[in-house]
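A short write-up of the structure that comes next.
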Amino acid sequence: MGQGYPAIRKTSQTIINGAWVLYLTSTAEPARVRVAVRLRPRNAEDLLSDADFADCVEIQPELKRLNLKKNNWSSEAYRFDEVFSESASQRRVYEAVAKPVVESVLSGYNGTVMAYGQTGTGKTYTLGRLGKDDASERGIMVRAVEDIISSTSGSDSIEISYLQLYLESIQDLLSPEKINIPISEEPKTGKVTLPGALVVKVQDLDHFLQILQTGEANRHVANTKLNTESSRSHAILMVNIRRAVHEEENEIPSQEKDSKGNLSYDCSIPIVRNSKLLIVDLAGSERLDKSGSEGHSVEEAKFINLSLTSLGKCINALAENSPHIPVRDSKLTRLLRDSFGGSARTSLIVTIGPSSRHHAETTSTVMFGQRAMKVVNMLKLKEEFDYESLCRKLENHVDHLTAEIDRQLKLRDKERIEMERSLRECQESFAKAEKSLVARSEVVVSPAEKSLVARFEFLQKENAHLEIKLEGTLNELNRLKDQTNFMHSEVARLEISLKHNEQYQLESSSYQKALANTTEMYEKKIVELMKQLEHEKAHSGSAEELNAMKKLLSDHEKSMQLYQMANSTYEKALADTNQMYEEKIADLMQNQNGEIARFKSVEEELDKMKKLLKDHQNSNQMYEKKIAELMKQLEDEKAHSGSVEEQLNAMKKLLSDQEKSMQASLVEELNAMRLTLQIQEKQRKAVEAELVRLKKLVPENGDYYEDKKSHMKENRAKLLVLPKLNQSRETISGQRATIAKICYLVFVGLGKILQLLTSGDIDAQIRAVKVVANLAAEDINQEKIMEEGGIDSLLMLLQSCQNITILRVASGAIANLAMNEANQCLIMNKGGARLLANTASKTDDPEALRMVAGAIANLCGSEKLQLKLRDDGAIKALLGMVRSGDSGVIAQVARGIANFAKCESREIIQGHRRGRSVLMEDNVLSWLIANSTSASASSSRRHFELALCHLEDNARDFISSGGVKALARISVESSREDIRNLAKTTLKLSPTFKAEMNTESR
C-alpha cells in the first residue's frame, strides 16, 4: 500500500453485480430482540360482550408487566420491554420501539421493526398511518423516514422499495405489474436481495408520503366481521441507506501536507456504510368462524396463517438454540432471515385487544412475544471500500499533474529560448572582440596584448565548454519531454483501463491488489517527477551563471579560472563520495532485506508449528471428551432401553386387555340393542294388530264399549313406547338417506348428475340441482363442477326452466360458485349476469329473489366486471328486486351495492377511473340514505352505511340529496366503530363536505 492508505482491521470480499467488493467487518456484539405490547381501545362490540368479565387483559405500564386473566380469580403475569396502554400516543410508541433501531441503522447496522397480532388489533394503524391531516397520528413508517431524512446530508443516498407477500407470492406495491418477484441470496454473505423490485430514491418527506399512499392503494384488503379494511397480505417497507465515513486516520497530517507542497494529495481509500431498515406490517392471524371469511378470502387466510406458523417455528427454534432453523419453509421467513438470529437490531411490537371473546388469540400473541424475547442477534457493522470514488480522485489528480507538467515544460521552453538568445549575443560580442584584436595585432604586438590574446583563447575554450554544457541541458530537457509524453501515454492507458474496469473485474479476482500496486507506482512516478522538476529548477540557474560569467570575463578572468578548477574538483569528489555511499547503502539494504525475509520465514514456520501443536492438543482433548460422553450415553441408552422395553410390553398388554374388554362391551351392547329392538318391534306389531281388531269390531251395546275401554287402558302403556320408536326410526331413515346420497355420488358420478339437469323429469331435475347446490357450497367441489360443465347446465336451467324451486336452487348454486374469484369471469363470459337479471323479472318468490340477489352481489365484488354488469342489466335488476319488500332480499341488494361502490372507490384511488358513479344514474343514493336509518337488521344497515361511505367521490349528488348529513350521522350513530372511523375520514378528506358542514352549522 502507498502512503496515506488506512490500516485494514479485518476484510472480507465478495462479488456484487459482477464487481469485487471489499468489506470491512467489525467484531459482532450480541443484542436481544426487544418486544413491546400495545393494547387496543375497546370498541362497541367489546362493550356488548356478555362474558363474565369485560376485559381479559390488565396492564401495568410503569412495571412493564401484563396480566392475562384466565377467569375472574386467576391470571398470569408476563414482562416485556415496553407495555403501552390504550391511551399511548403514536410518538411515544415510536420513540420507545423504533427510534433506537433507526439510530442504529444511521450508524451502519441493519434494523427491523415488525408488528404482529390478531386481525383488527391496530398493526397497520401503528406502522402505516399516514397522518396527513394530523401529524400526531403518523405511524412508525413516516416517522422513521422523517428522522432518516433529517439526519442525512446531500451526499448520502436513501432508497426504498415497498412490497407485499400475497398468497406466497412477492408483489411490488409501487409497480403492481411486477408479480412473483424471486428472492436472491448471496452464497458467501447470505445477504437477501430482490433483483426485480422497483427501487425509488427518496427526495423529501412529501415525496415519501406520495409513494407510501400509492403502495397502500395497491395493497390487498377485504371486509370481514373483525375489520372492514382487513389486510390480506404482509407489507414490507425496505429503506436502504448509503453514507460515507469520514475517519481521522484517512486524513493526511498538516505537516506532511506542508512538506509535499502544492502537489500533495490525499490518496486514502473512502469508506462507505450500507445499512438497511425493514418495517414489516404482518397480516393478522384469524379464525374463519370469527372473521366470517368466505370464498377467495378463505384461501387468503390459509396462506396468511401458514406463513405466520412458519415464522413462529423459526422463532421457537432460535429461542431453544436448535441446530436447525427452518427458514426456507416460507418466503416470509427467508425475507426476515437477518431480522431473527441474524445481524440486525430488531424490535417487535405485538398488538392485542381487551375482549375476552378473543382470549385464545390474545394468549397466542403474548406467548409469541415471550418467545421472541429469547432470540439474540449478533450485530455487525459492515463497511466497504469505495474504489469508484478513489478512481475519480486519482483521475482528477493525474489531470492536475499533467497540467502542471505542461506548465513547467512551457516555462522551460521559454527559458531555453532566452538562453539561446543570450548565447547568440555573447557569440556576436566575441566575434567583434576577435576582429578588433586581430586588427590591433597587425599593427603592434606588445607583451600585454600577447597576454590578452592568451586570455581570449582561454575564454574561447570556456565558451566551447559552456556550449557543450548547454547542449547537455537541452538534451536533458528533451529527455524530460520524452518522459512527459510517456506520462501522457500512461495516463491514456490508465483511462482505457478504467473504462474497461468491469471487464477486468470479471477476468481477475485480484483487481484490488492490481489497483493498489498501480496507485503506488503512480505515487512513485509523481515523486520522481517532482524531484526532476526541482532538479531542473536548480539547473535553470545556469543562465544567471552565464550572465555573471559575462560580467566576470571583463574584470576577474583569473579568479574565474581558479573557481572553475576548484568547482570541478569539488564536484568530482562529491560524485565519488555519493557513489561510494550509495553502493554501501545498497549493500546494507540488500543484507537487511535478506535478514528480514529469513526472519519472517523462520517466524512463520514457528507459528505454524505452534498452531499445529495447539490444534493437535485441542483435538486430542476434544476426542477424549467425545469418547467419554459417547461411552456414558451408550451406558445410559442400555439402561434406558431395558426400562423402555418393559414399559412397552406393559403398554402392549394393557392395550390388548383394553381392546378385548371394549370389544366385549361393544358386543354386549349390540346384543342388548338388538334384543331391545326385537322386543319393541313385537310390541308394536301386537298393538297394531289390536287396533285393527278393534276397528273391525262394532260394539253391540254400551256395556261392551265400557269393557273395551278398560282393555284400552291396559294397552295405553304399550302405546307410550311408540314415539321413541318412531323417532329412532326417523333418525335411522335420515342416516340411510345421507349414506344413499353419498353412495349415489360416488358410484353414479358428477357427470351423470349434471346430465339429469337436462332431463325432462321435473322431480329428477329438482333432486339433481339440489345435489349440485350442496356440492357447490364447498370450495373443494367447485373446481370439479366447473370442469364438468356444471355452470353451463345451471345457466341453461335459468334460461329454459319455469319451475320456481329449480330457479331458486340453481340461483343459489351460481351464488356459491360466484364466491370464487376464478369462477366470476367465466360466469360473466357465459352471460350469467344477463340470465340472472331475466330470472329476477320472471318471479316474485322472495326466496328465489334472495338467491338471485346474492349471486349478483358476489359478482359485484370484482373490479374487472363493473362495466359488464351494468351493460347486462344486472345492476338495474338488482335495484328492481327491492320491490319485493323482503328483508332478506333487501340485505343482499345492499351488500351488492356496497361491493360495487367499494370497487369503484378503489379504482378511483388507483387512478383507473374518474367521473360520476354509474349508480348515481339509477337514483341509488336517495334509496341508500332512506334505508340507512330505517333498516332494522344490523347486517343490512351495515351494508347501507358502507355503500354511502364508498360513494364519497360524487360530491354534488351527496349535497343535493342530503348525503352529507347521513355521513355525519353514521360517523356518530353507527353501531360499528370501523364504519364510524371510515365516515369520519371521508368527511375530513373532502373539502366539499367540510364546506357543506360549515354552511349547515351556520
Side-chain angles (χ1 to χ4, degrees), residues 222-223 292-299 754 757 765-766 768-786 789-799 801 803-843 845-862 864-865 868-869 872-882 884 886-900 902-903 939-940 943:
N223 181 13
S293 298
E294 298 176 349
H296 189 62
S297 298
V298 176
E299 293 297 321
L754 294 176
L757 296 178
Q765 286 182 336
I766 291 173
V769 76
K770 285 183 178 180
V771 172
V772 174
N774 291 331
L775 292 174
E778 300 177 2
D779 294 341
I780 58 176
N781 301 325
Q782 292 183 0
E783 184 178 359
K784 184 68 175 176
I785 293 174
M786 299 298 289
I791 187 63
D792 296 328
S793 301
L794 293 172
L795 294 176
M796 181 270 297
L797 289 178
L798 293 183
Q799 184 177 7
C801 187
N803 186 277
I804 298 300
T805 303
I806 293 177
L807 292 177
R808 182 181 71 250
V809 180
S811 300
I814 294 174
N816 290 335
L817 294 174
M819 292 175 67
N820 193 330
E821 186 177 0
N823 301 334
Q824 292 175 351
C825 293
L826 184 60
I827 293 172
M828 291 296 297
N829 293 333
K830 293 181 179 293
R834 178 175 50 79
L835 292 174
L836 289 170
N838 294 337
T839 304
S841 63
K842 288 194 296 186
T843 180
D845 181 57
E847 289 297 322
L849 291 176
R850 184 171 66 85
M851 295 297 178
V852 173
I856 297 176
N858 290 338
L859 294 174
C860 288
S862 175
K864 305 175 183 177
L865 309 177
K868 192 168 180 61
L869 284 170
D872 290 347
I875 301 301
K876 188 174 182 180
L878 184 68
L879 297 174
M881 283 184 275
V882 178
S884 67
D886 184 74
S887 60
V889 177
I890 292 175
Q892 294 298 327
V893 173
R895 184 170 71 87
I897 293 174
N899 289 340
F900 194 89
K902 184 176 180 181
C903 292
S939 59
S940 58
H943 294 306

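Start at 1 with the first residue, then count along the sequence.
Here the CD1-NZ distance, from Ile856 to Lys876, works out to 13.5 Å after rounding to the nearest 0.5 Å. Note that CE of Met786 is 8.0 Å distant from CG of Asp792, once rounded to the nearest 0.5 Å. Taken from CG in Leu869 to CZ in Phe900, the straight-line distance is 6.5 Å, to the nearest 0.5 Å. Rounding to the nearest 0.5 angstrom, the gap separating the NZ atom in Lys770 from the CD1 atom in Ile806 is 10.0 Å. Between the OG atom of Ser841 and the CG atom of Leu836 there is a distance of 11.0 Å, given to the nearest 0.5 Å. Taking CE from Met851 and OG1 from Thr839, the interatomic distance works out to 13.5 Å, rounded to the nearest 0.5 Å.
Within the structure, salt bridge (charged side-chain N to carboxylate O under 4.0 Å, His left out) pairs that include any residue of residues 847-860 comprise Glu847-Arg850 (at least two apart or interchain).
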task = Test Ile875 against Cys860 for side chain to side chain contact (heavy atoms under 4.5 Å, CB included), laying out the working first.
result = CA-CA 9 Å; Ile875 301 301; Cys860 288; 3.9 Å; yes
message = For a side chain to side chain contact (heavy atoms under 4.5 Å, CB included) check, start with the C-alpha distance between Leu807 and Leu797, then their side-chain angles and the critical distance, and finish with the verdict.
response = CA-CA 7 Å; Leu807 292 177; Leu797 289 178; 6.0 Å; no
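Without hydrogens or angle criteria, Lys842 side chain to Leu798 main chain gives a donor-acceptor distance under 3.5 Å. Side chain of Ser862 to main chain of Leu859: no donor-acceptor pair is present (N/O by atom type, distance under 3.5 Å, no hydrogens or angles).
Legend: residues meeting salt bridge (charged side-chain N to carboxylate O under 4.0 Å, His left out) with Arg895, ordered by chain and number and at least two apart, are absent. Evaluation of the salt bridge (charged side-chain N to carboxylate O under 4.0 Å, His left out) rule for Glu299 yields Lys302 as partners, not counting sequence neighbours. Thr843 is linked by a side chain to side chain contact (heavy atoms under 4.5 Å, CB included) to Ile804, Asp845, Ala848, Leu849, counting only residues two or more places apart in sequence or in another chain. With sequence neighbours excluded, no residue forms a side-chain hydrogen bond (donor to acceptor under 3.5 Å, both in side chains) with Gln765.
For the pair Ile814/Leu795, a side-chain contact is recorded, criterion being any heavy-atom separation below 4.5 Å from C-beta on. Within the 4.5 Å cutoff, the side chain of Lys784 has no heavy atoms near those of the Leu775 side chain. Ile785 is not listed as a side-chain neighbour of Gln782, based on a closest heavy-atom distance of 4.5 Å or more. Residues Thr805 and Val769 fail the side-chain proximity criterion, which asks for heavy atoms closer than 4.5 Å.
Closest approach of Ala855 and Ser811 over heavy atoms only: CB-O, 4.1 Å. The heavy-atom pair separating Gln892 from Ala857 by the smallest distance is O-CB, 3.7 Å. What you find for Pro846 and Val889 is that their closest heavy atoms are O-CG2, 3.4 Å. Taking each heavy atom of Ala813 and Ala776 in turn, the nearest pair found is O-CB, 4.1 Å.
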Residues 817-829 side chain polar contacts: donor-acceptor under 3.5 Å, at least two apart:
{"unit_1": "Asn820", "atom_1": "OD1", "unit_2": "Ala822", "atom_2": "N", "d": "3.1"}
{"unit_1": "Asn823", "atom_1": "ND2", "unit_2": "Leu817", "atom_2": "O", "d": "3.2"}
{"unit_1": "Gln824", "atom_1": "NE2", "unit_2": "Ala818", "atom_2": "O", "d": "2.9"}
{"unit_1": "Gln824", "atom_1": "NE2", "unit_2": "Asn858", "atom_2": "O", "d": "3.2"}
{"unit_1": "Asn829", "atom_1": "ND2", "unit_2": "Cys825", "atom_2": "O", "d": "3.0"}

